[in-house]
Amino acid sequence: MIRTIVMLICWALAAPVAALIGFPATFIMGDVRVLYRLFMWGAWAGVWITGVRVQTIGLDQFDHARSYIFMTNHASNLDPPIQIPLIPRRTSVMVKKELFKVPILGRAMRLGSLVPVDRGNRDAGIEAVRAAKAVVEKGLNMTIYVEGKRSFDGKLLPFKKGPFYLAVECGVPVIPVTIAGTHYSMPKARFSIKPGMVKVIFHPPIEPKDFVSRECLMEKVRTIIDSGLPEEYRQTTGISAGDNKAQGGTACA
């Protein structure tokens with residue numbers, strides 16, 4: 001409990017400082033990158049002081065100058081502040097629309113081209129996919145938690161279809177990402193944080209055009225993300241991460 005409170009205090013103190021420096025820099029230079037990096041540093045620092053450590057795998061497997069859609073599993077509130085700062089270049093994410101009402105944070109998210117989504121409204125979900133497409137077409141990365149919500153037990157939940165519609169429409173490579181360990185450090189039903197090691201695996205990119213349907217692409221991404229989870233959390237026995245490039249779009253052929 002104390003670690004969680006310390007993390008929240010860190011974020012509460014860092015946000016006004018980041019805003020004080022980042023907002024003027026953004027307006028003067030017409031570039032949101034300074035504000036973005038300040039918020040990313042604050043997010044990472046808040047997690048680090050809780051005793052959670054991160055091992056990153058696979059950042060050398062893709063071109064950092066390109067734009068991608070990163071699709072990842074979701075088991076903890078720790079996932080975004082750990083993963084988002086790791087992604088090369090600026091990325092947008094889909095976030096609950098209620099967060100846009102939070103002072104400072106809401107303004108920062110709008111400047112960062114984050115996409116609001118109403119989880120309980122199907123039509124709003126379709127609109128969020130359209131907004132995400134516009135973000136990707138501007139050259140930004142997009143990071144999506146493809147289950148749509150956090151898993152209670154660390155195993156994969158059913159995937160939402162919207163992200164795969166987005167990937168096919170944009171024609172942007174998809175990078176499956178597995179995060180493991182946050183379910184131990186801060187599971188969905190617990191507020192307190194335990195120190196521990198978190199592993200973030202960036203799998204090799206895959207091309208949506210290599211698949212005969214969105215369903216085939218979804219199956220491939222699910223199998224890859226699942227392959228990076230600890231054995232006790234895996235649900236499939238299909239390809240390994242290393243098989244991804246070799247097998248390409250043949251999963252549903």
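Atom set for the values below is all heavy atoms of this structure, side chains included, hydrogens, waters and symmetry mates excluded.
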Out of curiosity, [X] [atom1] to [Y] [atom2], how far, rounded to the nearest 0.5 Å?
X	Y	atom1	atom2	value
Leu166	Ile69	CG	CD1	4.0 Å
Leu229	Ile201	CG	CD1	8.0 Å
Glu215	Arg222	CD	CZ	14.0 Å
Phe191	Leu8	CZ	CG	5.0 Å

Is Trp48 reachable from Ile193 through a run of I, L, V, M, F, W or Y residues, each pair having side-chain heavy atoms under 4.5 Å apart?
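Different clusters.
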
I'd like to know if the side chain of [X] and the backbone of [Y] have a donor-acceptor N/O pair within less than 3.5 Å.
X	Y	value
Asn73	Glu147	no
Ser92	Met142	no
His183	Phe152	yes
Ser185	Lys194	yes
Arg190	Tyr184	yes
Arg89	Arg66	yes
Thr182	Asp79	no
Tyr68	Asp63	yes
Ser151	Leu156	no
Tyr233	Asp153	no

Residue pair Gln83 / Thr72, side-chain donor-acceptor N/O under 3.5 Å:
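Yes, a side-chain donor-acceptor pair sits under 3.5 Å.
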
Indicate yes or no: at least one non-hydrogen side-chain atom of Val6 is less than 4.5 angstrom from one of Thr50.
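No - every pair of side-chain heavy atoms lies 4.5 Å or more apart.
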
Is there side-chain contact between Phe211 and Glu219, with heavy atoms separated by less than 4.5 Å?
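Result no, sub-4.5 Å side-chain heavy-atom pair not found.
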
The criterion is side chain to side chain contact (heavy atoms under 4.5 Å, CB included); which residues satisfy it with Ser113, sequence neighbours excluded?
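In terms of side chain to side chain contact (heavy atoms under 4.5 Å, CB included), with neighbours along the sequence ignored, Ser113 is linked to Arg90, Val135, Lys138, Leu140.
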
Checking Val52 against Met186 for the side chain to side chain contact (heavy atoms under 4.5 Å, CB included) test, could you report, in this order, the C-alpha distance in whole Å, the side-chain angles of both residues, the deciding distance, and whether it holds?
CA-CA 10 Å; Val52 174; Met186 191 183 189; over 6 Å; no

Which is it for Ile206 and Leu217 under the side chain to side chain contact (heavy atoms under 4.5 Å, CB included) test, yes or no, and what are the steps along the way?
CA-CA 9 Å; Ile206 56 179; Leu217 176 61; 3.9 Å; yes

Please assess Tyr36 against Thr91 for the test side chain to side chain contact (heavy atoms under 4.5 Å, CB included), listing each intermediate value before the final yes or no.
CA-CA 9 Å; Tyr36 180 83; Thr91 185; 3.4 Å; yes

Taking only Lys NZ, Arg NE, NH1 and NH2, and the carboxylate oxygens of Asp or Glu, determine whether Arg234 and Glu231 approach each other closer than 4.0 Å.
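A salt bridge is absent here (no side-chain N lies under 4.0 Å from a carboxylate O).
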
